[in-house]
Amino acid sequence: MTDAPLPRAFFDRPVELVAPDLLGRVLTHDTPSGTVAVRVTETEAYAGPLDPASHAYRGRTPRVEVMFGPPGHAYVYFTYGMHFCVNLVCGPPGTASAVLLRAGEVVAGAETAAARRLRSSARDLARGPARLCQALGIVREHNGLDVCSGGPLRISSGDSAPASVLSGPRVGVSSAKDVPWRYWIEDDPFVSPYRAHVPRRRRPGAAGKSVP
DNA sequence: AGGGGGATCTCCT
DNA sequence: GGAGATCCCCCTA
C-alpha cells in the first residue's frame with residue numbers, strides 16, 4: 001500500500017479514462033473530528049460543456065467555476081436541498097470535465113463515519129454519492145480543494161487494482177442516458193444500490209458508445 | 001422577481 | 001416501490 005497522493009498527471013487525461021482508473025483508489029479526509037478513508041467502488045464521468053448531463057453544459061457559471069480550473073481539485077455541489085456530492089476535476093484547465101465519486105467502502109475511521117451517519121449500517125456508510133460525502137465530512141467549504149498536494153483531502157493509489165470493472169448508463173441523469181460512463185467494481189458489495197444495473201463488460205477503449 | 005427542476009436519501013407501506 | 005424533505009442554481013420575463 002502507498003499513502004502518496006496520486007500525481008496531478010493522473011487527472012490530466014480524458015475523463016472516461018480517469019473514471020474507471022479511480023476505482024480502488026482511496027480518498028482520505030482529515031478533520032477535527034477524525035480521519036476517514038474510503039476505497040472508491042463506483043464512479044461516473046461527466047464531460048465538459050458538450051455533455052448535456054454535465055453541470056458544465058450551460059457554460060461557465062459561478063457554481064461550476066472549479067470545473068473549469070486545473071485537474072486534481074474537488075468540485076463539491078449541493079443538491080436536493082440537503083445533500084453534497086463530490087467530483088474530481090479532469091483534463092487541462094477549461095476542459096470542465098469531472099468524475100463523480102458515487103460509492104465506496106470506509107476503510108479507516110469507521111467510528112467517525114458512523115457518528116456522521118447515525119442510522120447507517122456499516123455497508124451503507126459511503127454507498128451512494130451523498131452518503132460518501134457525509135461519511136467523509138465533505139461539505140460546501142471543501143469545494144476547490146486540491147487532492148494531489150497532500151492536504152487534508154487527498155487521494156492515494158490504494159492496495160490493488162480491481163479484478164474486474166463493469167460500465168453502464170449514468171444514474172439519475174435525464175439526458176445522454178445511452179452513454180455508459182458509470183463504472184463500478186464487479187461483485188463489490190459497496191457499489192450503490194439505487195438503480196438496477198445493466199451490466200456490460202467494459203472492453204479496452206470501448207468507452208463512449210452503447211449497444212442495446 | 002418568479003419558478004421549475006435537480007448527478008439523493010430515508011422512512012413508510 | 002413511492003413520496004417527502006428542503007435549498008440552490010439558472011433561465012425567463
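Throughout, protein chains are lettered first and strands after them, A, B, ... in sequence-line order, and every chain is numbered starting at 1. The analysis underlying the following values was restricted to heavy atoms, covering all of them including side chains, and did not include hydrogens, waters or symmetry mates.
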Review point. Just wondering, more than 12 heavy atoms not from Phe78(A) lying within 6.0 Å of its CZ?
Key: yes
Check your understanding: Is the shortest distance from a Lys or Arg side-chain nitrogen in Glu44(A) or Arg170(A) to a carboxylate oxygen in the other one below 4.0 Å?
Key -> no
Review point. Is there a donor N/O on one and an acceptor N/O on the other, under 3.5 Å, for the side chain of Tyr77(A) and the base of dA7(B)?
Key: yes
Check your understanding: Among side-chain atoms of Arg25(A) and Thr43(A), is any donor-acceptor pair under 3.5 angstrom?
Key -> no
Review point. Taking the side chain of Met82(A) as heavy atoms from C-beta outward, which of dT8(B), dT6(C), dC10(C) is closest to it?
Key: dT6(C)
Check your understanding: Of all the nucleotides listed (dT10(B), dT8(B), dC9(C)), which has the minimum atom distance to the side chain of Arg102(A)?
Key -> dT8(B)
Review point. Using a cut-off of less than 4.0 Å, is there contact between a side-chain N or O of His55(A) and OP1 or OP2 of dC9(C)?
Key: no
Review point. Atom NE2 of His83(A) and atom P of dC8(C): how far apart are they, to the nearest Å?
Key: 14 Å
Exercise for review: Specify the separation, in whole Å, of atom CG of Asp124(A) and atom P of dC11(B).
Suggested key: 11 Å
**Study point:** Per-pair stack call Tyr80(A) and dA5(C), 5.5 Å, 30°
**Key:** no
Review point. Contact class for Arg170(A) (heavy atom, under 4.0 Å): base, sugar-phosphate, or nothing?
Key: nothing
Review point. So, do Leu22(A) and Phe11(A) sit near enough that their side-chain heavy atoms are less than 4.5 Å apart?
Key: yes
Point to revise | Tyr46(A) side chain, from C-beta outward: closest of dC9(B), dA7(B), dC11(C) | key: dA7(B)
**Study point:** Rounded distance (Å) that lies between atom C1' of dC10(C) and atom CZ of Phe78(A)
**Key:** 16 Å
Exercise for review: Nearest whole angstrom, please: distance from the P of dC9(C) to the OH of Tyr75(A).
Suggested key: 10 Å
Review point. Between atom CZ in Arg58(A) and atom C1' in dG4(B), what is the gap in whole Å?
Key: 11 Å
Check your understanding: Does Arg182(A) have a side-chain nitrogen or oxygen under 4.0 Å from the phosphate oxygens OP1 or OP2 of dA7(B)?
Key -> no
